[in-house]
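Quick notes on the structure that follows.
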Amino acid sequence: MLALAQCALVALLAVWLLVLRWPLGYPPEWVWQASAMPTPMHGLFGIARALLASGVLVGAALWMRQRGTHPRFWTAATLLLLVGSVFLCQVALSVGYPGGMAWAVASQFSPVASEYFDSAFRLEDPVSYCRDYLETMRHAGYHLATHPPGMVLLHWVFVVPARDIEIGRALATRFAEGVGGMSLAELGRFARHYPGAAQLPDGAVPAAAAAAVAPSFFGALSLIPLFALVRRLTDISRALWVALLFATAPSLLLLGQCADQWVLFISMVLAWLAVEGITRDHWVWFAAAGVVAGLGTAVTFGFLTCCVAVGVLAVVLSPSRPTVRRLAIRAVAFASGFAGAWALVSVTLGVNLIAVCEQGLNAHARATLGPQRTHAVWAWLNFVELALFLGLPVAARVASMVWAQLKLWSPRRPMTAGLALAVAGLSAMVLPSALGLVRGEVGRIWLFLMPLLVAGALPAPGPGQPANEVPPWLAMTASLQIAQVLLMAAVMLPMVRPY
């Protein structure tokens, strides 16, 4: 029955996008546009082959592990190959189609799509920039007005080599021209047609190309801490399975040039540290998690929801019911690490993060919580969009497994690993959605919490079930996910627009 539902959902999406040609979302307020620029079919087949090959290699690694033939080597090789395959697929989907590189350059420089690159490219002194950042927020457009300076600094780290270092500029130029199929001057002329990119200098094109691809690398790299945290809670087989399923998520693959990919990587490191702290029952791991969370909120205030997820995990994932004293120690360690990170950022960069946070949240409320998006609509539509960008086959599997395990769960015993991770992720999502803090675009915004939901597809281990048994439906679910990615890529690219 579940397999039939998974197939039916993908078929329904195909009819919606290909036959009816309807956009995804709520047309009176906001949608993901469809039928924008089809990706060439040969490109889609190449991406499908890469993803399917990764799935075969994961299956081979599990089989080799069962036979006891170099299990660690095969596991590490497969995980690294999966990371590389995801990165190449992200780059192909972001820039590997006619005009793709010009779109990527324009979307980096256009303030309509993002103000981060423009600020980073003109940035010479990070400390002076951060000291004046509060004033910058008051006079900036949407992105800088609602976010802390960390996102600009992340872009700056990748802009500097392509802007100021000869070998970095040469490599970025060769990449931009080779993938784009145009000279730098042609790419610049093409990109300047888009709103906000008219003032794009030719010298910024290599740096914009580098900044467009850098988030994809870290998004793909997030599979490693995801594997580590699931491995800590279960076993290598299930950890590889979760990594494979998340590697097929449309949000991960289609939004490769979005800065949210950086947030995804940081959030997975945070989740791994929290899981280590819970399983090892040591406060040092929670202090380290607090430091990562503090640094993460200097990049985006969305990281505050990660703190909610960590709190839920600390309660529901403990092997035995945690005492008040144990929870208090964990909370104090986490808060100390968080405060220490904020103090370090404030002292070294001279930025008042508390004032920046207050200013940013107020600007966010004015910009997105007005009458243009209805709270009652997006409170439930957020989760429809979440399922679409998580992947309908995986979303159906997660819903089925979570519901089945919740019916059997008792407060007297700890949750299974998959159920605990899914509950933590959903708790972090439900809160801002119920309060109306997030209205739409969650296919991108909630990317950093999606891996926790994918772990919810883990079934509870049955009696006598081998720890490294490969689920028989894994290949079908992954194949349906790939089919959905190709479907969305064919009619919805480019996902990030310079307008």
Starting at [atom1] of [X], measure out to [atom2] of [Y] and round the result to the nearest 0.5 Å.
| X | Y | atom1 | atom2 | answer |
| --- | --- | --- | --- | --- |
| Leu361 | Leu437 | CG | CG | 8.5 Å |
| Phe227 | Ile236 | CZ | CD1 | 5.5 Å |
| Ile167 | Leu171 | CD1 | CG | 5.5 Å |
| Ile224 | Leu221 | CD1 | CG | 4.5 Å |
| Phe218 | Ile266 | CZ | CD1 | 9.0 Å |
| Arg163 | Glu124 | CZ | CD | 4.5 Å |

Heavy-atom distance under 4.5 Å between the side chains of [X] and [Y], does that happen here?
| X | Y | value |
| --- | --- | --- |
| Leu134 | Gln359 | yes |
| Cys307 | Phe334 | yes |
| Pro451 | Leu264 | yes |
| Leu453 | Leu449 | no |
| Met488 | Phe389 | yes |
| Arg326 | Asp281 | yes |
| Val312 | Ser427 | yes |
| Phe301 | Thr146 | no |

Is [X] reaching over with its side chain to a backbone N or O of [Y], donor-acceptor style, under 3.5 angstrom?
| X | Y | value |
| --- | --- | --- |
| Ser267 | Phe448 | yes |
| Tyr133 | Leu144 | yes |
| Gln257 | Val213 | no |
| Gln90 | Leu254 | no |
| Arg373 | Glu29 | no |
| Arg231 | Ala239 | no |
| Arg330 | Ala314 | yes |
| Arg131 | Gly350 | no |
| Gln108 | Ala209 | no |
| Ser346 | Asn352 | no |

At their closest point, which heavy atom of [X] faces which heavy atom of [Y], and how far apart are they?
| X | Y | answer |
| --- | --- | --- |
| Leu327 | Val315 | CD2-CG2, 4.2 Å |
| Ala379 | Ser433 | O-OG, 3.4 Å |
| Ala176 | Leu187 | O-CD1, 3.7 Å |
| Cys130 | Leu349 | CB-O, 3.4 Å |

Might you confirm whether atom [atom1] of [X] has over 12 heavy atoms from other residues, nucleotides or ligands at distances under 6.0 Å?
| X | atom1 | answer |
| --- | --- | --- |
| Trp30 | CH2 | yes |
| Arg174 | CZ | no |
| Phe121 | CZ | yes |
| Glu358 | CD | no |

Centroid-centroid under 6.0 Å between [X] and [Y] rings:
| X | Y | result |
| --- | --- | --- |
| Trp262 | Phe158 | yes |
| Phe383 | Trp446 | yes |
| His375 | Trp380 | no |
| Tyr116 | His155 | yes |

* Might you work through the side-chain contact (heavy atoms from CB on, under 4.5 Å) test for Phe246 and Val394, ending with a clear yes or no? => CA-CA 9 Å; Phe246 182 61; Val394 166; over 6 Å; no
* Assess whether side-chain contact (heavy atoms from CB on, under 4.5 Å) is satisfied between Leu223 and Leu82, documenting all intermediate values. => CA-CA 8 Å; Leu223 294 175; Leu82 186 60; 4.0 Å; yes
So, [X] and [Y]: side-chain donor and acceptor under 3.5 Å apart, yes or no?
| X | Y | value |
| --- | --- | --- |
| Trp342 | Thr297 | yes |
| Trp32 | Glu441 | no |
| Ser183 | Glu177 | no |

* Decide side-chain contact (heavy atoms from CB on, under 4.5 Å) for Tyr26 and Val31; before the verdict, give the C-alpha distance in whole Å, the side-chain angles of both, and the deciding distance to 0.1 Å. => CA-CA 6 Å; Tyr26 184 48; Val31 296; 5.5 Å; no
* Output, in order, the C-alpha distance, side-chain angles, deciding distance and verdict of side-chain contact (heavy atoms from CB on, under 4.5 Å) for Leu421 and Leu229. => CA-CA 10 Å; Leu421 291 169; Leu229 75 90; 3.9 Å; yes
* To do: Hey, could you give me each pair passing salt bridge (charged side-chain N to carboxylate O under 4.0 Å, His left out) that has a residue in residues 245-260? Not counting sequence neighbours.
  => Asp260-Arg444
